[in-house]
A.B. asks: 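My questions will all concern the structure given below.
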Amino acid sequence: MPELPEVEVVRRGLDRWVTGRTVASAEVLHPRAVRRHEEGPADFAGRLAGRVVAQPRRRGKYMWLPLLPEGAADGRADGAAAESTESTEPAEPTKPAEPVEPTEALLAHLGMSGQLLVGEPDRERHKHLRVRLTFSDGGPDLRFVDQRTFGHLLVADLVPSKVGDRVPAPVAHIAADPLEEAFDEEAFFAALKRRRTGIKRALLDQSLISGVGNIYADEALWRSRLHWARPTETMTRAEASRVLEAAREVMSAALGVGGTSFDAMYVNVNGESGYFERSLEAYGRRDEPCTRCGTPIRRDEFMNRSSYSCPKCQPRPRRARY
DNA sequence: ATGAGGACCTGCTCGC
DNA sequence: TGCGAGCAGGTCCTCA
């Protein structure tokens, strides 16, 4: 279940394996994977062929590969893409070119089960392979594999975002994530006071704060001792800061774990952080003792999914909001 | 505009 | 052994 840390690990893997390379072809094996590309699969593939991939970017759970015109310089000073493996030596001549500002990007959202895998072009095709990109150097290809098809890829124009940078159009309304420098804590707190909803719903609202999913929301709330149905308008500035800091902590920890196995990610740029197996304090621990107080963790239904919390550390507010 | 709930999707697990 | 129910949840869509 990729949330921000897992997506960031994938982004780093993509930076290592595809930045600076030229797309030869894009093959859409399941139209649903590109359903948000309004002009359809053929246009999607057409826009990718021949483009040079610039350094991958990310905001929250979205990531994107800026696309440069064919033959453009990739913006890398060290030509690191060429050292990925012997078979990925770029075929293009390395003549200097004017830096070009990308106007489009390949945008990816992994959804629930999406993976971006880099590997030898002739390896076996996974059952849930949805999209495949090949590169002009004949080196490792890039595969979008997604069992549940909640994820998607599309090519979009880069437009100004509410954060102030240029991002793919579908990301323009997304707030910065709490690990970004640009994250506006004052604006987040003001939004909490304005909203008439519960804190967990607010944490999952990507227009207020991006990158937080169900798992890290529960973990951040457990750490900050806040109940998920706490009305946001009653929260103090200190409580808001607490839950933000907790979110940063859990996501940074997960990123740290995911990052440690990063060097071995040649064929497995897949967003598995390994974090879930060890460090979760609330999520998925129904009836297990709270590691702070020993009270059994409870599971509530919320938004058609689960919320885990400690009944003692996170008492339900008298006025709950969902 | 805002808040709340459902739809989408497939594989796995559980109970009968 | 078979099979249906339940569960997993990010985002978009609809409705009040």
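In what follows, chains carry the letters A, B, and so on, assigned in the order in which the sequence lines appear, proteins first and then strands, with residues in each chain numbered from 1.
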A.B. asks: Checking all strands, does Asn304(A) fall into the base, sugar-phosphate, or nothing category for heavy-atom contacts under 4.0 angstrom?
C.D. replies: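 Base, at least one base heavy atom under 4.0 Å.
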A.B. asks: Taking only N and O in the side chain of Ser306(A), is any of them less than 4.0 Å away from OP1 or OP2 of dA8(C)?
C.D. replies: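 So the side-chain polar atoms of Ser306(A) do come within 4.0 Å of the phosphate oxygens OP1 or OP2 of dA8(C), strictly under.
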A.B. asks: Mind checking if Arg201(A) touches a base, just sugar-phosphate, or nothing, with heavy atoms under 4.0 Å?
C.D. replies: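 It contacts base atoms.
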A.B. asks: Distance-only, no hydrogens or angles: does the Arg225(A) side chain make a donor-acceptor pair with backbone N or O of Leu221(A) under 3.5 Å?
C.D. replies: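 Checked: no pair found.
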A.B. asks: Could you tell me how far apart Phe144(A) (CZ) and dC9(B) (C1') are, to the nearest whole angstrom?
C.D. replies: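 Rounded to the whole Å, the gap is 13 Å.
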A.B. asks: So what does Arg299(A) hit on the nucleic acid, given a heavy-atom distance under 4.0 Å: a base, only sugar-phosphate, or nothing?
C.D. replies: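 Sugar-phosphate, backbone atoms only, no base.
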A.B. asks: With the stacking rule set at 5.5 Å and 30°, tell me whether Tyr322(A) counts as stacking on dA4(B).
C.D. replies: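 Given the distance and angle limits, no, they do not stack.
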A.B. asks: On the side chain of Arg305(A), is there an atom forming a donor-acceptor pair with the base of dG10(C) - under 3.5 Å, no angle test?
C.D. replies: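 Answer is yes: a donor-acceptor pair is held.
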A.B. asks: Might you confirm whether atom NZ of Lys312(A) has over 12 heavy atoms from other residues, nucleotides or ligands at distances under 6.0 Å?
C.D. replies: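 Incorrect, the count does not exceed 12.
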A.B. asks: Is Arg195(A) near enough to dG3(B) that one of its side-chain N or O atoms lies under 4.0 angstrom from OP1 or OP2?
C.D. replies: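 Looking at the OP1 and OP2 atoms of dG3(B), one of them is under 4.0 Å from a side-chain N or O of Arg195(A).
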A.B. asks: His152(A) NE2 to dT10(B) C1': how many Å, rounded?
C.D. replies: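 Spelled out: NE2 on His152(A) to C1' on dT10(B) is 19 Å.
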A.B. asks: Between Tyr308(A) and Trp228(A), does a ring pair (Phe, Tyr, Trp, His ring centres under 6.0 Å) hold up when you go through it step by step?
C.D. replies: CA-CA 9 Å; Tyr308(A) 298 90; Trp228(A) 53 267; over 10 Å; no
A.B. asks: When you measure from the side chain of Leu204(A), which nucleotide among dG3(B), dG10(C), dC9(B) comes out closest?
C.D. replies: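 Within the option list, the nearest is dG10(C).
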A.B. asks: Search all heavy atoms of Gly211(A) against all heavy atoms of Met251(A) and return the closest pair with its distance.
C.D. replies: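 Nearest pair, atom of Gly211(A) first, then Met251(A): O-SD, 3.9 Å.
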A.B. asks: Just to be sure I understand the rule, does Tyr62(A) reach a base, reach only the sugar-phosphate, or reach nothing, if contact means heavy atoms closer than 4.0 Å?
C.D. replies: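 Since only primed, P, OP1 and OP2 atoms lie under 4.0 Å of Tyr62(A), the category is sugar-phosphate.
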A.B. asks: Compare the minimum distances between each of dG11(B), dG3(B), dG10(C) and the side chain of Thr197(A), then state the nucleotide with the smallest one.
C.D. replies: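 Within the option list, the nearest is dG3(B).
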